[in-house]
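Read through the structure below, which is laid out as structure tokens, and then see the notes.
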2 protein chains.
Amino acid sequence: MQDILFDFISKYVTLTEDEKNAILSLNIFHSVKKGTILLKEGQKSKESYFVLKGCIRAYYISDGEEKTTSFYTEMEGFTPPCVVSKTPSEYYVSCIEDTILTISNSDMEAEVNSKFPKFETICRLMAEELLAKQRIDFDAFKTSSPEQRYLNLLQKRPDLIQRVPQQQLASYLGITPQSLSRLRARIIEKSKG
Amino acid sequence: MQDILFDFISKYVTLTEDEKNAILSLNIFHSVKKGTILLKEGQKSKESYFVLKGCIRAYYISDGEEKTTSFYTEMEGFTPPCVVSKTPSEYYVSCIEDTILTISNSDMEAEVNSKFPKFETICRLMAEELLAKQRIDFDAFKTSSPEQRYLNLLQKRPDLIQRVPQQQLASYLGITPQSLSRLRARIIEKSKG
DNA sequence: ATAACTCTTTCACTTAAGTTAAGAAATGAT
DNA sequence: ATCATTTCTTAACTTAAGTGAAAGAGTTAT
């Protein structure tokens with residue numbers, strides 16, 4: 001299981017056995033059931049997540065409505081904004097499938113960072129890469145219609161459309177479930193000619 | 001002028017005089033005229049920007065249309081995605097006002113990072129903070145209408161509405177210039193009662 | 001197995017954004 | 001200062017998303 005994590009890290013830096021053991025000794029691997037809530041609104045947290053298997057969802061509640069902002073699946077990591085800003089969380093994080101993930105603590109990371117500067121490099125590179133990736137996603141979102149966004153998702157992350165409930169998907173696409181349903185019907189109609 | 005930069009950095013770490021001099025010796029301060037294009041589509045670049053005074057804009061061209069994705073003003077930094085991904089740029093970056101900024105090179109940064117680990121920490125913290133901030137902006141964009149987005153911008157960055165041409169602002173808000181114009185008229189109409 | 005719930009689809013109606021076109025205002029160049 | 005070009009606004013029309021309501025599918029619990 002941990003091999004998935006080390007394979008991922010190897011994209012950024014090469015680790016010695018000592019360094020790998022330092023990570024393993026932290027006991028960060030967890031297996032959680034579908035529906036588990038990892039973080040609630042108002043909570044203070046220092047935890048970051050990295051999904052090895054399964055899917056977690058970030059959302060917030062506004063006017064009694066769940067607004068789904070992101071999904072993280074295999075090989076994707078997520079540090080909730082509240083961990084960075086050190087303020088109570090505005091977001092919920094929950095597992096929409098049985099999930100295996102690592103949960104790491106920012107204090108713990110700070111300690112590892114100072115012992116092994118290489119980790120700081122990993123974190124910096126990952127943050128920079130995610131920033132660029134998110135920038136591109138944001139720009140694509142801005143410049144396209146709901147229909148284009150759905151088609152784009154179908155191309156880029158077809159798995160999500162299978163494994164995620166429609167209403168969460170609709171919210172993720174910035175539209176209502178009704179619009180998503182209608183939009184899909186329209187696409188099928190078009191493809192028939 | 002450089003004090004602006006050091007004041008900014010002091011939010012993240014405390015620098016010694018030696019460290020400050022190391023930065024100054026790199027000769028990163030530049031003054032550029034309105035309209036100057038800092039980065040073009042297709043170009044390979046390793047340059048990051050930090051605005052001390054003025055405003056720069058990132059955009060790309062699709063179907064002959066400029067799509068404005070972001071503005072950076074005083075105390076804001078920007079590393080184009082192409083620098084991170086090491087591929088030719090999809091974006092243009094230009095100055096919409098006479099601007100004073102720092103332009104730094106990623107090779108240079110790597111060297112400084114290895115000499116002064118503190119810099120790596122600055123870069124990591126900045127990237128993490130920007131990532132969280134951008135996440136929040138993205139989520140707000142997704143869950144609000146063009147009108148709400150305009151009103152939100154009016155609150156959060158009223159200066160942009162003054163200093164940026166309408167068509168660039170419209171594109172930034174993900175709508176057409178006509179819609180922005182109409183939407184503003186609607187808001188004024190409402191405020192009259 | 002069935003009842004209770006939740007999720008998804010469909011419909012009719014309202015509202016606002018995209019589109020095309022034309023006129024008004026602002027900007028820049030000579 | 002004038003003219004030309006670009007930018008911004010207004011209008012009429014088309015298209016699609018939001019809303020509220022209700023029916024059909026799919027789940028879960030008892």
Side-chain angles (χ1 to χ4, degrees), chain A residues 33-37 55 57 59 61-68 71 92 94-98 140-154 160-192, chain B residues 33-36 55 57 59 61-68 71 94-98 140-154 160-192:
Chain A
K33 279 255 160 296
K34 172 176 176 175
T36 306
I37 294 185
C55 182
R57 170 175 76 111
Y59 60 100
I61 295 180
S62 147
D63 309 321
E65 295 249 308
E66 281 188 8
K67 312 275 189 178
T68 296
F71 299 102
Y92 291 79
S94 79
C95 303
I96 66 171
E97 299 173 359
D98 290 352
F141 189 95
K142 259 188 196 174
T143 56
S144 53
S145 66
E147 183 170 328
Q148 289 172 316
R149 297 197 295 251
Y150 177 79
L151 291 169
N152 185 47
L153 192 67
L154 205 56
L160 276 191
I161 289 167
Q162 299 309 319
R163 66 210 283 191
V164 165
Q166 297 296 307
Q167 52 172 1
Q168 291 175 16
L169 207 58
S171 173
Y172 178 67
L173 291 169
I175 58 178
T176 60
Q178 292 92 325
S179 291
L180 176 56
S181 187
R182 178 168 44 194
L183 172 166
R184 297 173 74 189
R186 198 165 60 225
I187 289 170
I188 292 167
E189 200 49 45
K190 274 184 197 167
S191 70
K192 280 188 199 159
Chain B
K33 278 255 161 296
K34 173 176 175 173
T36 306
C55 182
R57 170 175 75 110
Y59 60 99
I61 295 179
S62 149
D63 310 320
E65 295 248 310
E66 280 187 10
K67 312 276 188 174
T68 297
F71 299 101
S94 80
C95 302
I96 67 171
E97 299 172 0
D98 291 353
F141 189 95
K142 260 188 195 173
T143 57
S144 53
S145 67
E147 185 171 326
Q148 288 172 316
R149 295 196 299 250
Y150 177 79
L151 290 171
N152 185 45
L153 192 68
L154 205 56
L160 277 191
I161 290 168
Q162 299 308 318
R163 67 208 285 191
V164 165
Q166 296 295 309
Q167 51 174 354
Q168 292 175 16
L169 207 58
S171 173
Y172 178 67
L173 290 169
I175 58 177
T176 60
Q178 292 91 325
S179 290
L180 176 57
S181 191
R182 177 167 44 193
L183 171 166
R184 295 174 75 189
R186 197 165 59 223
I187 289 170
I188 292 168
E189 200 49 44
K190 275 184 197 168
S191 70
K192 280 188 200 161

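First the proteins, then the strands, lettered A, B, ... as listed; each starts at 1. Quick caveat, the model's predicted, so the values are computed rather than measured. Hydrogens, waters and symmetry mates are skipped; everything else that's a heavy atom, side chains included, is used.
A distance of 7.5 Å separates CG in Leu160(B) from CD1 in Ile96(B), rounded to the nearest 0.5 Å. With values rounded to the nearest 0.5 angstrom, Ile161(A) atom CD1 is found 4.5 Å from Leu153(A) atom CG.
Here the shortest heavy-atom pairing between Thr68(B) and Tyr59(B) reads CA-CB, 3.7 Å. Between Cys95(A) and Lys33(A), the closest heavy-atom pair is CB-O, 3.9 Å. Shortest non-hydrogen contact noted between Ser145(B) and Gln148(B) is N-OE1, 2.8 Å. When all heavy atoms of Leu180(A) and Ala170(A) are compared, the pair lying nearest together is CD2-N, 3.7 Å.
Stacking of Arg184(A) on the aromatic ring of Tyr150(A) is not recorded, the 6.0 Å distance cut-off and the 45° axial limit not both being met.
Glu189(B) has its CD atom 16 Å from the C1' atom of dT15(C), to the nearest Å. Regarding Arg149(A), its CZ atom lies at a distance of 13 Å from the C1' atom of dA17(C), rounded to whole Å. Atom P of nucleotide dG18(D) and atom CG of Asp63(A) are separated by 15 Å, given to the nearest angstrom. Taking atom CD1 of Ile188(A) as the reference point, atom P of dT10(C) lies 9 Å away to the nearest angstrom. Rounded to an integer number of Å, the gap from Leu183(A) CG to dG18(D) C1' is 14 Å. In this structure, Arg184(A) atom CZ and dA16(D) atom C1' are separated by 18 Å, rounded to whole Å. Between the CG atom of Leu169(A) and the P atom of dC7(C) there is a distance of 14 Å, rounded to whole Å. Rounded to whole Å, atom C1' of dA17(C) lies 12 Å from atom CD of Glu147(B).
Neither OP1 nor OP2 of dT15(D) sits under 4.0 Å from any side-chain N or O of Arg186(A). Taking only side-chain nitrogens and oxygens, Gln167(B) comes nearer than 4.0 Å to OP1 or OP2 of dT7(D).
Listed for the Lys67(B) side chain is no donor-acceptor partner under 3.5 Å among the backbone atoms of Thr143(A).
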| query | When you check every protein heavy atom under 4.0 Å of nucleotides 18-30 of chain C, what one-letter string (B, S, -) results, 5' to 3'? | reply | BBBB---------
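Overall, the helix from dA1(C)-dT30(D) to dT30(C)-dA1(D) carries an axis bend of 50° between its ends, with five pairs at each end and the value rounded to 10°.
The salt bridge (Lys or Arg N to Asp or Glu O under 4.0 Å) test applied to Glu66(B) returns Arg57(B), not counting sequence neighbours.
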